[in-house]
Number of protein chains: 2
Amino acid sequence: MVIYYSVMRVKDEIKQEALFEATVKVVNETGFAQSSVSKIAKEAGISPATLYIYYKNKEDLLVSTYVQIKQNLSTALLVGFDDSRPIRDILKRLWTNAFHFGTQNRAYFEFVEQFSNSPYAGLVNSAEVEEFFEPLARVMQRGIDEKILKDVPFEVLTVFVFYPAMLLSSPKLCAGFEINEGSIDQTFDLAWDAIRL
Amino acid sequence: MVIYYSVMRVKDEIKQEALFEATVKVVNETGFAQSSVSKIAKEAGISPATLYIYYKNKEDLLVSTYVQIKQNLSTALLVGFDDSRPIRDILKRLWTNAFHFGTQNRAYFEFVEQFSNSPYAGLVNSAEVEEFFEPLARVMQRGIDEKILKDVPFEVLTVFVFYPAMLLSSPKLCAGFEINEGSIDQTFDLAWDAIRL
DNA sequence: CGCTATAATAAATGACCATTCATTTATTTG
DNA sequence: CAAATAAATGAATGGTCATTTATTATAGCG
């Protein structure tokens, strides 16, 4: 919580947003290794020094950008989420959402991919991120209780549902796989067969 | 092919190997972004300048290391490979091999993970790497022809078999999953259910 | 041993890095 | 408008980067 004791100039939300997009763009285009604060600031159209008003340091910039994307991702995956529907329908909806998000926000996917395989990944508050996906964890548990899903740890289910959706929606990683309505349905059947009892 | 026209001092294979291991270690411990030629050379116990006798530049060092690991990986996965056995047995063997390799060579796994999500990934001769895994591609195709496996692109099969094996064997990515004989069997059943007709 | 070719290296180079500092600019309130 | 406060920045700092250069060490052969 920020308290304004007195007269003060407010931070520019447009700059904040520009920095977020610039970070994703520079990291994706030049790679994690070659991404510098200067490049990101220049891409966002601000001075490198200004960046340090919005973020404590480079690490903070990268970690914050990651958490932000994860939040966007969870929101996108949960569009139309309805607890009362059959489990298969819920997951199918999720699967479809993932592909839509993946095709329309490929840059975010790639950033997450690079970030989560870097040592920066250890710096995120993983409890916070897992909370975004809590509704799904609940559905999975319900499926296990109702003898619809195999009784395996949550991680195992995610490996056969979320990861494939991510991987398949990235043409960089899956060049030989064409995304259309039919292929989305077909690949969901694979995921579903993997986890259902 | 190298031709020795005359007297020449030979390159040191121990240094070559030390450089390979040092590259993996430094990249895993400090991350792709903070890995420098100097750090790698120091870890290998040689001068940075010497590194340039063995590799054209940093890019060549990283790409070569990646290809080398991929070769080791394919060799490890194909241990005991027997074309004449039932497809399920072949894949089960592969699955088990992946876990053994993963637990004993975690550093290689992590390097591959970091590398393949970086822009360097675009620089590898992917045909060369795919060749390592050609026997598996043939088995998969046979499975499809014999109506044992679902008729989907090879990439889709790999997403439900190889990736899960990799992900599950990495305790960093799958903290809640304990590897033992029972859990290897159980998770293979998920993979098999996904791809079998 | 001395010749030759290459491995090996220490040191240097210029570029770029993250971050800080001194200063200026913009905004709000009295 | 003027005072107050924080946003914004250009320039500087010290360090590290990838790579090259000039030099030395080493090995095999006549």
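These numbers come from a predicted model, not from an experiment. In what follows, every chain begins at residue 1, and chains take the letters A, B, ... in the order their sequences are listed.
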Can you pull out the residues from residues 21-32 of chain B that lie within a 4.0 Å heavy-atom distance of DNA chain D?
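Nucleic-acid contacts, sorted: none.
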
Atom-pair distance ([atom1] on [X]; [atom2] on [N]), nearest Å:
| X | N | atom1 | atom2 | answer |
| --- | --- | --- | --- | --- |
| B:Lys15 | D:dT26 | NZ | P | 10 Å |
| A:Lys11 | D:dA6 | NZ | P | 12 Å |
| B:Asn57 | C:dA15 | CG | C1' | 17 Å |
| A:Glu13 | D:dA7 | CD | P | 14 Å |
| B:Lys42 | C:dA10 | NZ | C1' | 14 Å |
| A:Leu61 | C:dA18 | CG | C1' | 12 Å |
| A:Ile53 | C:dA26 | CD1 | P | 14 Å |
| A:Ile40 | C:dA18 | CD1 | C1' | 11 Å |

By the 4.0 Å heavy-atom rule, please label A:Tyr55 as base, sugar-phosphate, or nothing.
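Here A:Tyr55 touches no strand at all.
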
Classify B:Lys39 by what it touches in the nucleic acid, base, sugar-phosphate, or nothing, heavy-atom distance under 4.0 Å.
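Sugar-phosphate, no base atom in range.
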
In this structure, are over 12 heavy atoms from other groups packed under 6.0 Å from A:Glu13 atom CD?
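Not buried by this count: 12 neighbours or fewer within 6.0 Å.
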
Does NZ in A:Lys39 sit with more than 12 non-hydrogen atoms of other residues, nucleotides or ligands closer than 6.0 Å?
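Counting other residues, nucleotides and ligands, NZ of A:Lys39 exceeds 12 neighbours.
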
Quick one: is [X] getting a side-chain N or O under 4.0 Å of the [N] phosphate, OP1 or OP2?
| X | N | value |
| --- | --- | --- |
| A:Thr50 | D:dA7 | no |
| B:Tyr54 | C:dA8 | yes |
| B:Ser36 | D:dC17 | yes |

Looking at the rings of B:Phe32 and A:Phe32, which for Trp means the six-membered one, are their centres under 6.0 Å apart?
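Not close enough - the centres of the two rings lie 6.0 Å or further apart.
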
Are A:Lys56 and A:Asp60 within salt-bridge range, i.e. N to O under 4.0 Å?
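Looking at A:Asp60 together with A:Lys56, the answer is no, because their closest N to O distance does not fall below 4.0 Å.
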
Any carboxylate oxygen within less than 4.0 angstrom of a Lys/Arg side-chain nitrogen, looking at B:Glu134 and B:Arg138?
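Here B:Glu134 pairs with B:Arg138 in a salt bridge, since their nearest N and O are under 4.0 Å apart.
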
